[in-house]
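All figures in this text were calculated on a predicted structure; none of them were measured in a lab.
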Amino acid sequence: MEIMRFEEMEIYPEIVRAVEDMGFEEATPIQAQAIPVMMSGVDMIGQAQTGTGKTAAFGIPLLQKVDPESRRLQAIILCPTRELAIQVAEELRNLAKYMQGVKILPIYGGQDIGKQIRSLKGGVQIIIGTPGRVMDHMRRHTIRLGDLHTVVLDEADEMLNMGFREDIETILKDTPEERQTVLFSATMPQAIMEIAETYQRKAVHVKVVKKELTVPNIEQYYYEVRPKNKDEVLCRLLDLYSPKLSLIFCNTKKKVDELVLELQNRGYFAEGLHGDLKQMQRDRVMQGFRDGNTDILVATDVAARGIDVDDVEAVFNYDLPQDDEYYVHRIGRTGRAGRTGKSFTFIVGREVYKLKDIQRYCKTKIKAQPIPSLDDVANMKVEHVFRKLERTIEEKDLASSIRAIEAYLNRSDYTAMDLAAAFLKAELGDSLEEQKDELSQEQYSWEAERREKGRKRRGEMVRLFLNVGKKQKLKPGDILGAIAGESGMPGRAVGSINMFDKYSFVDVPQKYYKQILKSMKHTKIKGNRVSVEKAETK
């Protein structure tokens, strides 16, 4: 992959500074191609999958173009679901954090429309919304599109799959002709091409197709952790597996420096590698890692390029990478030259959904693992000592050592068992003593609480009847997307979906049931008008 840094792309210094705070040192392939094209002002079709950094690919040029002095609506981003709209708005706010006067507002179904209207009256330059709610505001004249200069359709193929084509076309027809229209889609079906031909002018097609990458010989594990516990969990894994050389990846230079200091304070031989280091410093750090004087190298993705060390036994994703492809590049630093390797990834909260994307992309299984207890670590340390002793017994001449021990035992009151236990104590210190494991107790309580919440959630479901089914060539994903997109309910909260020829049943949490009925009254799925009601139960 060709490296392009954000500071090389004529981006405002305020945005570059925000990008650095977010931990991105270089542009992903879709960003490197799309940002210059979109900044030139032409219409664009961006073809890229989720997990490629496409939000920044359209968000950065959009922010460059916005006039903070004007409080009128200047850009609108259409998204298929409430969750995506919230996610895009959050990323744009992060990118605009050092820009004064830029207001960004997500609008979607399931949120009080009165609250949205009050926010709109205060003046908003960028709206991120679902098509249905944007149409609602247009009917109420609470959104005026006369000063709009940019429209972005994000995940356009998903919006069409969810039956939003008519809404999208109605919105586009109401925008000024002299606008920039940008369309992002993972696939390019005929319907997408028709919208592009009708509503775009000489659009430039930017396409990033991910390479098929595999990760053989690598055992891959993940741990669900709280951010405050990452350092402790990392150290337990280092002690448990005792890898010869380890690579730890962080997303920001600041975190690399903080983690190196923490590891050094805990007695590990760790060094950091990131873009702020001079070449002489980089060479010194890398030489120490190759020579084995440094056991642990903590690095950012950019700084780790060119690391070619065959003896790396473990890779740790302290932070989940921003791009699926980066995950493959990271863990590919181990398991080289026919060896086996291990990778450990830390997941915080909703990142578990991003991990599923990575698994699909890599066509691999990343196994969930419990966080090691202090007892696990202590027992493994003992095992390491015994293995070391076994190798010494098999490979060394112990005659003189045996004579020395026999002489000592003959003149002392100690047994051979006492002497062996003392050797083990001297080697391991107090690690075998019983210790209060607060982290494991906290983790157990947290997991039990989540299981209980999940059990309650599953127990309070309502079955809905929909008058569409397989005859309308619908899939469960179409129904799931429509319900989540229109009602604002998280898609993962939907239970089982049972489809028949002319109708379907969907289980949803009781607390969303009335909201779904209300929001689905005028909904179409792939052009089919849908009727939703509570299913009769005997």
Side-chain angles (χ1 to χ4, degrees), residues 55 58-59 62-63 65-93 96 99-156 158-159 162-183 195 199 481-489 512 514-524:
T55 302
F58 62 74
L62 199 60
L63 291 170
K65 199 172 176 183
V66 164
D67 177 11
E69 300 296 321
S70 170
R71 305 303 293 171
R72 292 181 178 274
L73 179 62
Q74 299 169 43
I76 194 162
I77 302 165
L78 295 178
C79 300
T81 65
R82 158 191 175 156
E83 288 184 304
L84 183 60
I86 293 170
Q87 181 183 317
V88 170
E90 185 178 350
E91 185 152 350
L92 257 64
R93 283 174 180 148
M99 298 177 71
Q100 297 296 320
V102 175
K103 191 169 180 185
I104 298 159
L105 181 69
I107 59 172
Y108 44 81
Q111 187 187 48
D112 177 16
I113 197 165
K115 181 180 176 184
Q116 292 176 359
I117 291 170
R118 287 193 297 273
S119 296
L120 288 166
K121 284 181 178 177
V124 174
Q125 290 101 349
I126 302 173
I127 280 177
I128 303 99
T130 51
R133 184 51 64 100
V134 170
M135 288 273 291
D136 200 348
H137 281 286
M138 287 168 62
R139 284 190 289 268
R140 295 167 183 259
H141 302 292
T142 47
I143 288 179
R144 300 185 184 278
L145 308 179
D147 293 296
L148 208 69
H149 56 60
T150 308
V151 177
V152 178
L153 307 183
D154 190 15
E155 296 195 5
E158 283 300 308
M159 285 196 282
M162 291 166 64
F164 287 137
R165 178 166 180 169
E166 289 180 22
D167 290 352
I168 290 169
E169 296 199 59
T170 300
I171 294 167
L172 288 172
K173 286 173 184 173
D174 209 36
T175 58
E177 282 190 26
E178 295 302 315
R179 66 174 187 273
Q180 183 180 23
T181 309
V182 177
L183 187 154
I195 285 180
Y199 297 100
I483 290 174
E486 287 300 304
S487 69
M489 180 188 71
Y512 293 111
K514 291 182 180 178
Q515 184 177 315
I516 292 168
L517 292 185
K518 182 179 177 183
S519 62
M520 295 285 286
K521 277 183 179 177
H522 306 292
T523 299
K524 289 183 179 180

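Using a 4.5 Å heavy-atom threshold, the side chains of Ile143 and Ile107 count as touching. Contact annotation: the side chain of Leu120 approaches that of Ile127 to within less than 4.5 Å [non-hydrogen atoms, C-beta and beyond]. Side-chain contact between Val102 and Leu92 is absent, with no heavy-atom pair separated by less than 4.5 Å. In this structure, Thr181 and Thr175 have side chains that are not in contact, with every pair of non-hydrogen atoms separated by 4.5 Å or more. Contact annotation: the side chain of Cys79 approaches that of Val88 to within less than 4.5 Å [non-hydrogen atoms, C-beta and beyond].
Residues satisfying the side-chain hydrogen bond (donor to acceptor under 3.5 Å, both in side chains) test with Asp136, not counting sequence neighbours, are Arg140. Every residue two or more places apart in sequence or in another chain was checked for a side-chain hydrogen bond (donor to acceptor under 3.5 Å, both in side chains) with Tyr512, and none qualifies. With sequence neighbours excluded, the residues that form a side-chain hydrogen bond (donor to acceptor under 3.5 Å, both in side chains) with Thr142 are His137. Residues satisfying the ring pair (Phe, Tyr, Trp, His ring centres under 6.0 Å) criterion with Phe58, sequence neighbours excluded, are Phe184.
Applying the salt bridge (charged side-chain N to carboxylate O under 4.0 Å, His left out) test to pairs two or more places apart or on separate chains, those with a residue in residues 167-181 are Arg165-Glu169. Among residues at least two apart or in separate chains, there is no salt bridge (charged side-chain N to carboxylate O under 4.0 Å, His left out) pair with a member in residues 110-133.
The line from NE2 of His149 to NZ of Lys65 is 5.5 Å long, rounded to the nearest 0.5 Å. Residue Leu84 holds its CG atom at 12.5 Å from OH of Tyr108, rounded to the nearest 0.5 Å. Note that CZ of Arg82 and CD1 of Ile86 are 5.0 Å apart. Values are rounded to the nearest 0.5 Å. Remark: Ile195 CD1 to Leu172 CG distance equals 7.0 Å, nearest 0.5 Å. The distance from the CD1 atom of Ile77 to the OG1 atom of Thr55 is 8.5 Å, given to the nearest 0.5 Å. The CD1 atom of Ile76 sits 11.0 Å away from atom CD1 of Ile126, with the distance rounded to the nearest 0.5 Å.
Of the candidates Leu153, Thr81, Thr130, Leu153 is the only one forming a side chain to side chain contact (heavy atoms under 4.5 Å, CB included) with Met159.
Using a distance-only test at 3.5 Å, with no hydrogens or angles considered, no donor-acceptor pair links the side chain of Gln515 to the main chain of Gly109. Panel note: side chain Gln125, backbone Gln74; no donor-acceptor pair is recorded below 3.5 Å.
Within a 6.0 Å sphere centred on CZ of Arg144, heavy atoms belonging to other residues, nucleotides or ligands number 12 at most.
A pairwise comparison of heavy atoms in Pro176 and Leu145 identifies CD-O, 3.1 Å as the closest pair. In this structure, Pro106 and Arg93 approach most closely via the heavy-atom pair CD-NH2, 3.3 Å. Across all their heavy atoms, Leu62 and Ala75 have their closest contact at CD1-CB, 3.6 Å. Across all non-hydrogen atoms, the minimal contact from Ile104 to Ala96 is CD1-CB, 4.3 Å. Nearest heavy-atom pair across Pro80 and Phe164 is O-CE1, 3.6 Å.
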